[in-house]
Amino acid sequence: MNRRLQKHAWTLGLVLLLAVLMIVTKLIQPSFGATGLESLARAALPFAFATVAMAIVVIVGGIDLSIASMMAVCGVTAAVLMQSMGVVPAVAITLVVGLVMGAINGTLIVVTRVPDIVVTLAMLFVWEGVALLILTSPGGTVAPGLRSLISGAMIPGVPNALIFMAAAVALVWLPIRRSKLGLSIYAVGSDELAAFRSGINVAWTKITAYGLAGLLSAMGGLSLIMLTGIGEPVPGPYLLASVAAVVLGGVVLGGGRGGLLGPIIAVFVLRIIRTILTLAAVDPNVTTIVEGVIMVAVVMLGAVLTYRGARG
Amino acid sequence: DGHGNYTIGVSNTVQGNGWREQMICAMRAQAAAEGDVESLIVAHRNTDAAGQLEDLNNLIEAGVDAIVLNPANPDALNSALDAAIEAGIVVVAVDAGVSAEGAYILSNNQEEYAYLGARWLFEQIGGEGDVVYMRGIAGVSADTDRDNGFRRALEEYPNVNVVHEVFTGWQQDQGKQQMFDFLATGIPFDGVWTSGIDNVIVDAFVESGAPLVPIVGADNAGFVQYLNDIEGFTGAAVTNPGSVGGAGIALAVDILNGNAPEETTVLVDPVLWENATPEGQETIAGALNPDLDPEWPVSVSIPGWTDYSMEEIIACEG
Amino acid sequence: MSEQPRIHADAAVETGFKRFGRYLADNPVIPLIAFLLLLVVVLEIMRPGIVTPFRAGRDGIISTFWVGNLIKFAIPLAMLAACQVLTMLTAGIDMSAGILATVSAFVCATLAPLIGVTPAVMIALGTGVVAGLVNGFGVGIVRVHPLIMTLGTGLIATGCLQVYQRFVISTGTLIPETLVWLGTGRTAGMPNGLFVFVPFAAAVLYLMRFTGFGRLLFALGSNEAAAKLSGVRGWQVYLALYALSGLIAALAGLLYLGMIRTPSLSLANPLLLPSVAAAVIGGTSIFGGRGSFAGAIVGALILRVIDTMLTLLQMPEGARIAFFGLIILLVTALYVRITGAR
Amino acid sequence: MGGTEQATLLDATGVAKSFGAVRALTDASLHVAPGEVVALMGANGAGKSTFVKILTGALKPDAGRVLIRGEEAHVGSPAQARRSGLVPVYQEPSLIPDLDVADNLRLGDTPREAFLHWVHELGIKGVRMDDMIADLPLATLRILDLARALASEPDVLLLDELTAALPTDLVENVLRVVRTQADEGRGVIYISHRFTEIAELCDSATVLRDGKTVGALKIEPGVEDRCVELMLGAKLSLDRREAGAARVNTGVPRLRARDIAIAPKVSNVSFELYPGEVLGVVALEGQGQDEVFDVLSGHVKPTGGTLEVDGTPMHFGHPADAIAAGLSFVPGDRAHALLRERSVRENIALPFSARIRDWGPLKGRHEKQRVDHAIEKLQIDTRAQGEVQRLSGGNQQKVTIGRWLAHGVETLLLFDPTRGIDVRTKRQIYPLVRELAEQGAAVLFYTSELEEVPLACDRAIVIFNGRVVDVIDAADASEEALMRAAYGLTEESAAS
Ligand SMILES: Nc1ncnc2c1ncn2[C@@H]1O[C@H](COP(=O)(O)OP(=O)(O)OP(=O)(O)O)[C@@H](O)[C@H]1O
Ligand SMILES: Nc1ncnc2c1ncn2[C@@H]1O[C@H](COP(=O)(O)OP(=O)(O)OP(=O)(O)O)[C@@H](O)[C@H]1O
Ligand SMILES: [Mg+2]
Ligand SMILES: [Mg+2]
């Protein structure tokens, strides 16, 4: 039990931090309530998917700098497809497109033996270009039914956006996490050579992990167009935010350690900090500084804590 | 006259660009100049439409009376804007339009902006010849609007040919490099139309020793300076005042005070300043402001809309 | 990577090709230069005459010497790539380099009219060093991952720059004459920036290869525990390294300011990702312990040539961006294939 | 045991493998019959590990034929090897550090019951299924690796220097279990540099020299000499050091430890180390010797006690402090000591640049002289000197020692420097250590192989359960006496 607690101490700390921040929000703006929570959950959606996608590749020992670009490709793909076909086929095709893009990233990393950070840096440009080729300026349509999926709250107090996110991530990750594939992902991230010698197909595991990241990026892209109602070909600011949230969430850069819950909570922490700063009418330029300082400070705190932990 | 102590929310999605900074400062200055505005909450960062939705929702949550925004996209923000309007919040979009029902729009006419400059340029090169067309960021609304205006002018001058089209990404260094590269090819051309990145384009000609051709840019302080200073350089600056933000605040206050305009859409039409005629040169000399950040448009106010002084907008407080 | 794939590259028999491959692996800059020349030839075929110096233009002799331009714009890129190469040697990265260059340029241009050119330049370089020290503190002493640390510092620096610029909107700007001369002037068709860059590059190459500090960079990237065992105090090296990286970024910013002559708030930011690309194309391993600044310089030149080609090709913007990415990938993959290095 | 004329389990012929310029294997062959334990012998760098990796699909050979149960086999990956019944325990631990024991088992589809049975059988207690691999000591990992291999019921078990890092008691368990495996009809390939183990366990020996199989022998009394001859290409043997006159230590000790305590492992360690002496450390695995070396080398601060160097009290906050006080440390795990992708020269010269005052220009000639001297002295095989990782284990170990040789030694802390090193290399290391001592250096020498103590040391301290329990005169201590001491049996032996 104690061990289990220790393993999840970081996540618990984040939950606590989130709770404190919620209280601070409530203190600054007493009227903050269900609608506030709802818009928070909606704002967190694309970040959460980007972060979860990033978390999976970081766990497998890589990094994917092209996530925001893949989200853009999927967003415009879905928005364009929905002009000519039903929601279900359009969404299905988009998910497949995401999966394939991610798998292409993974395959290139495995085949070319170029480091992942470099491959995905190059693919960042490639996918961005592809998005612009699909749609030169913002446009397309999104079925209203799809958009209403993430607004409101069927269960009072629990925003639909949150349910949607939880369901989507759980659907992808839970069956995998405890399976051999999930273990392989952790194993490859932890020690690639040992994994290979333990009989794991390292190449396949990596490609699958990157494919999953692509799939989740597709969900991120879909959530973007569900929010805005149109497809935008220019990638949003999701890359750096997702790296920050992944690290804040307790996933170790370098692979093998961490889960998906921590990063998702970290996304909410980062989002609610922005809400607080806006509510408190803090100078927006100072807001940027505050965000930077918080990111660095929390990670420093984490570093100091693990350092102490390793010693004590 | 003081009707109330309004809180106005501002949302903007591009940071670190002189034009947008001027817009924010104009908003602050105008808010300070208006007696009725108690506070301004500014959400100002680099983000996309989804991020702007987040900011808008936060502003609604903060209980503002009005929102003045520079929209990332005309159609993408409707969910938040509808909610705001429903909650009785006055919504004013500046610089570009939004499609939400009941929102006011106080916009620089981007299509007209491009059309005006392009027409002048085509006229200047005698209605025929080759031009270089330097655009902004692919896939961004403002760039698309300007492209429509440019194409409209192009249609009117069938003998004008676009010999080279590039995207500067609205980055000074990229624009300069691209011009250098193109000059190096030795392909002849007769004029340049450039979207916002302008003084560095002139620099590229001067530094490489290439003879200057007519160049159309925006009214950025640096470019206007060149129009005035450089011997033998003909060109034109089309105004695209960032102070439209200040006007947006003024409009929002008017509406809050019950003086809503009849039309929900007000277009601020651009003006063209050229240095090919003596009158034009005089206008430019009058507009000069050598102390201003070279990326800032020199048209710091919009007569009839904004009430602040030069010092106030430069102080950028409020 | 597992041992499995390494095998293909090194396999078996001593064929001539193999020997050639190994020669190239020991001299990684050679295939890169060959590739650069190939690109230039392709460009010349695409646009005959572009490479030729002092060619007759429309109105007589003009000095649009393309090679000069190529080098000129590659210089700041290569300097920022130096930040990446040096930090990558220790398995780090400096994601704040682009912003620090911008800050330095902006601070210099806005302070110069207020306090004079020399103090302004000093303060501008100082901002780079200070920000670098913050990075070094985070990476070396608190042990934050360099990627996160430098991203965070970059974010903070951006915010500070935004706040700062509000105070200097009306003070006007002044680009120091020397910087303009360095940035825009030419001597014998070559950019004056080389007067700074050549000594700079020599210093970096010397630092990497012939000093104890340089050796420690390789050592820390290769095995930090081993370095510690040998008596190396890691935090000292990281502190000095990131401060140096900040200084180089600031210097690159000043040079860039002289070149572009408009102190925008995002002046050098777009150079960040290309600087990382230049470093990796040049054969620097992001995993540390292996890297070459000479390679990064060639990498920067290659990126610039590609830029020119794609600008001139007149393809849709989407295709242009996509091709840029594909070519980076292709070059790095070929490089890895030929030399067997990663 | 099992007749060699029976159908063989594993039959490899003409296996070759090059790594760039290094030809690790040129013509290796090997036959394993059911019920047979084959010792694979060879000096460091002979290609033993490479051979095992090829047989188990972790490396692809350049040439060669492998028959499994008489059928031609292409073993493409470790997974495939496992399916064909070939299960290795590699020289380096192959469990996943960030997964717990249970997940490691699931990953390889290892039956849990069988695994636990073997863990118990091998004498490891207190391992829990939710222990993180990264938190477990090396010796435990080796045993878990073996238990995992045994649990999958292999036809051929390949053990690469499994016992090198194991304490004596665990070695015995391993030998017993492996013997039973063979008795049940399985084949075993056993790699070790210890003749005693091979004599006890193996039926035959296949000897590799420079990547080529140079002979296959039946194990019988007196075969050692023949083996060594084949391995080295000339007759060599381990000679006992002539028992000289017992040293008389006078004056100020170079290093004096008083009541050193390091919670929770070490409670009381005191000793004196004099210039000119080699002081052995005798201890079973995990008695606190690791911690003592960590303190002496400046990696860990002691929780109690004092440390004096040349009579001056010292507090080390960093290895650099220890180095400044003249204490040079060679760790047991060379992975911690080497810059794998850097050259031999850079590895040896590393301490020359450590201090800030040495960050300036390199002193090329001075450095080269001292590095070359160290290389020559240790006879480091520099064929693959461009990258240390291309050297064999033994040569890598020499580099870690050479570093301090070049830097200049006052006090040398050697932690198991001969782990996994062949006889020839050992024969170079003992005299070197002696020579250093004779030149005035003080050497603290821990070894996991007890027979080395009399060969290299003047005296030895015995650490048991975190305390120094005895000091013995090493030069003429018998192995049995050392063994008893290591097991903490000294008091009783004194009483009897
Ligand atoms: N002069 C100093 N200034 C600031 N901090 C110091 C100083 N000297 C030591 N420290 C502290 O000592 C700790 C260890 O730093 P040092 O660089 O010496 O170890 P290291 O080689 O990096 O090894 P490790 O990563 O295990 O700490 C650091 O956390 C740092 O806070
Ligand atoms: N991955 C590799 N790359 C390059 N060279 C290698 C590699 N692995 C092994 N070698 C070289 O192959 C030769 C044989 O190495 P191997 O590890 O098989 O020796 P060994 O007999 O197991 O030695 P030891 O007893 O020291 O473990 C050595 O010269 C070594 O340097
Ligand atoms: Mg440290
Ligand atoms: Mg071996």
Side-chain angles (χ1 to χ4, degrees), chain A residues 1-10 55-56 58-62 110 115 176-206 208-209 250-259 262 306-312, chain D residues 49 52-53 56-60 75-84 86-110 128-135 141 144-145 148-149 152 158 160 262-264 294 299-301 303 335 340 389:
Chain A
M1 193 59 224
N2 191 21
R3 260 167 215 242
R4 188 116 312 160
L5 215 71
Q6 221 173 341
K7 216 172 143 187
H8 298 291
W10 189 252
I56 291 180
V58 171
I59 289 173
V60 87
V110 169
I176 290 171
R177 170 72 182 91
R178 286 281 141 206
S179 73
K180 241 184 104 174
L181 174 61
L183 285 179
S184 304
I185 289 177
Y186 277 87
V188 169
S190 177
D191 185 340
E192 205 174 307
L193 189 59
F196 172 64
R197 289 180 178 172
S198 298
I200 291 170
N201 188 334
V202 173
W204 174 243
T205 305
K206 279 193 179 180
T208 319
V251 177
V252 178
L253 287 176
R257 268 180 287 166
T306 43
Y307 190 63
R308 289 277 144 74
R311 295 230 148 168
Chain D
S49 299
V52 168
K53 285 174 194 162
T56 54
L59 284 177
K60 282 198 179 60
V75 186
S77 71
Q80 214 173 324
R82 200 163 297 238
R83 282 192 293 275
S84 321
L86 266 56
V87 180
V89 175
Y90 294 112
Q91 197 168 358
E92 305 85 19
S94 305
L95 294 159
I96 311 295
D98 290 319
L99 293 182
D100 61 18
V101 178
D103 283 343
N104 263 288
L105 295 183
R106 289 183 48 202
L107 202 56
D109 290 323
T110 310
R128 296 169 39 155
M129 291 311 266
D130 61 351
D131 276 332
M132 278 294 182
I133 295 299
D135 299 337
L141 292 185
L144 296 189
D145 243 341
R148 186 173 64 159
S152 56
L158 301 95
D160 191 354
I262 309 145
D294 279 347
H299 280 81
V300 167
K301 292 198 181 92
T303 49
R340 292 170 48 78
Q389 62 183 343

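Proteins get letters first, then strands, A, B, ... in listed order; numbering begins at 1 in each. Heavy-atom basis, side chains included; hydrogens, waters and symmetry copies ignored.
Within the 3.5 Å criterion, the main-chain N or O of A:R178 finds a donor-acceptor partner in the side chain of D:R106.
Both the backbone and the side chain of A:L183 come within contact range of chain D, with heavy atoms under 4.5 Å apart. Interface remark: D:R148 contributes side-chain atoms only to the contact with chain A (heavy atom separation under 4.5 Å).
Taking both residues in full, the closest heavy atoms of D:L107 and A:A187 are given as CD2-CB, 3.4 Å, listed atom of the first, atom of the second, then distance. Looking at every heavy atom in both residues, D:P78 comes nearest to A:F196 through CG-O, 3.2 Å.
Using a 4.5 Å heavy-atom cutoff, the side chains of D:D109 and A:K180 are in contact.
Shown here is D:R82, whose CZ atom has more than 12 heavy atoms of other residues, nucleotides or ligands within 6.0 Å.
When A:A194, A:S190, A:G189, A:G199 are compared by the number of non-hydrogen pairs under 4.5 Å with chain D, A:S190 comes out ahead. In terms of heavy-atom pairs under 4.5 Å with chain A, the best-connected choice from D:T110, D:N104, D:L99 is D:L99.
Between the OH atom of A:Y186 and the CG atom of D:D98 there is a distance of 10.0 Å, given to the nearest 0.5 Å.
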